[in-house]
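This report concerns only the one structure given below.
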Amino acid sequence: MDRVKLLGYEIDRFSFEGALEEGLKLEKEDKVSQVVTINPEMFDCAKVDKEFASILETAEMVIPDGVGVKIGLKILGYNVDRIAGVDYARKMIELSAQNNLPVALIGAKPEVIQKACDNLKSEIEGVNIVYSQDGYFDDEDRVLDELSQSGARLVLVALGSPKQEKFISKAKKIVPFGLMIGVGGSFDVWSGTVERAPEIYQKLGVEWLYRTVKQPERFKRIFPTLPLFIMRVFKEKFITR
Ligand code: UDP
């Protein structure tokens with residue numbers, strides 16, 4: 001497998017198509033696999049959260065979601081495709097439908113997940129959603145048990161990070177098989193609750209810029225993270241190597 005190291009964590013170098021192929025292969029296997037779509041905020045989180053750091057180390061696939069990770073790897077001399085988690089997860093649902101593989105969705109507000117499921121059913125022929133659960137539950141054991149019984153092969157979890165990755169890590173110990181992906185705000189997009197940036201922003205990998213202009217309060221979230229992340233990568237390249 002083609003993996004490269006960034007700030008101590010291995011990242012997969014897949015093309016979009018390659019990541020889909022690998023995802024489908026794992027989905028069919030009789031074991032559980034976890035996909036993390038990584039962005040600079042997650043590297044920050046892993047610095048202070050040991051449990052999250054160990055999840056990043058053991059995930060079967062770690063793919064670069066944000067343009068920040070793509071830039072970071074470029075600084076180290078590696079070219080990687082940025083794979084937007086929301087697009088990847090959507091294509092994985094389509095592939096699951098074509099291959100008769102059942103799907104589960106967990107996360108987001110009740111009305112959001114309901115609408116997202118309705119839209120997916122009407123837009124993707126043959127999709128088989130065997131389990132759906134909103135993301136505001138108290139009894140995690142019940143959800144894990146129901147997920148286990150559902151027989152889902154593709155499990156999309158939208159609880160925000162690191163909550164979704166930790167939920168998947170627990171599920172891995174209980175659920176017998178399936179490909180589990182943390183998908184952040186994807187259900188909000190599929191339900192039509194949140195609009196995606198125009199295509200030009202998506203193509204350039206700067207959806208965050210569009211969202212920041214639209215919601216200036218996001219600036220606080222992005223601003224120290226991205227430049228500090230780039231500085232850490234430069235430090236790794238020139239000082240610690
Ligand atoms: N969410 C949830 N349960 C929670 C917290 C968040 O289901 O306890 C959902 C939230 O409704 C949204 C998704 O997680 O649909 C992503 O949240 P956010 O935008 O904060 O995450 P990000 O994509 O920025 O990591």
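Basis for what follows: all heavy atoms, side chains included, without hydrogens, waters or symmetry-related copies. Order of appearance sets the numbers: ligands from 1, and atoms from 1 within every ligand. Predicted, not measured: the structure shown is a model, and the values here were computed from it.
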Under 4.0 Å to a heavy atom of Gly185 - the qualifying atoms of ligand 1, by number: 16 (C), 23 (O)
Glu146/Arg142 under salt bridge (Lys or Arg N to Asp or Glu O under 4.0 Å): CA gap, chis, key distance, verdict: CA-CA 6 Å; Glu146 288 172 356; Arg142 171 191 57 84; 3.0 Å; yes
Residue, atom name and distance, where the atom is the protein heavy atom closest to atom 7 (O) of ligand 1: Ala108 N, 2.8 Å
Ion pair check, Arg153 and Asp30, cut-off under 4.0 Å: yes
Protein heavy atom under 4.0 Å of atom 1 (N) of ligand 1: yes
4.5 Å side-chain heavy-atom contact, Tyr131 and Gln149: no
Residue and atom name of the nearest protein heavy atom (relative to atom 24 (O) of ligand 1), distance in Å to one decimal: Arg221 NH2, 2.9 Å
Sub-4.0 Å atoms of ligand 1 with respect to non-hydrogen atoms of Asp188: 12 (C), 15 (O)
Proximal candidate to atom 17 (O) of ligand 1 [heavy atom criterion; set Gly160, Ala158, Ala116, Pro110]: Gly160
Leu76 side chain reached by Val233 side chain, heavy atoms, under 4.5 Å: yes
N or O contact, Gly135 vs ligand 1, cut-off under 3.5 Å: yes
Note: Asp87-Arg82 ion pair, threshold 4.0 Å (strictly below): no
Which residue and heavy atom of the protein sit nearest atom 13 (C) of ligand 1, plus the separation: Gly184 O, 3.4 Å
Atoms of ligand 1, numbered as shown, that sit under 4.0 Å from any heavy atom of Lys163: 4 (C), 8 (O)
Contacting atoms of ligand 1, where contact means under 4.0 angstrom from a heavy atom of Ser161: 25 (O)
Distance-only N or O hit between ligand 1 and Gly107, under 3.5 Å: no
Side chain, backbone, both or neither: Leu159 near ligand 1, heavy atoms under 4.0 Å: both
Exceeds 12 heavy-atom contacts within 6.0 angstrom, atom CD of Glu111: yes
Basic-acidic side-chain contact under 4.0 Å: Glu21, Lys25: no
Salt bridge present between Arg90 and Glu123 (N-O < 4.0 angstrom): yes
Protein heavy atom under 4.0 Å of atom 20 (O) of ligand 1: no
Side-chain ion pair, Glu199 and Lys203, N-O less than 4.0 Å: yes
Ligand 1-proximal atoms of Tyr136, by part, heavy-atom distance under 4.0 Å: side chain
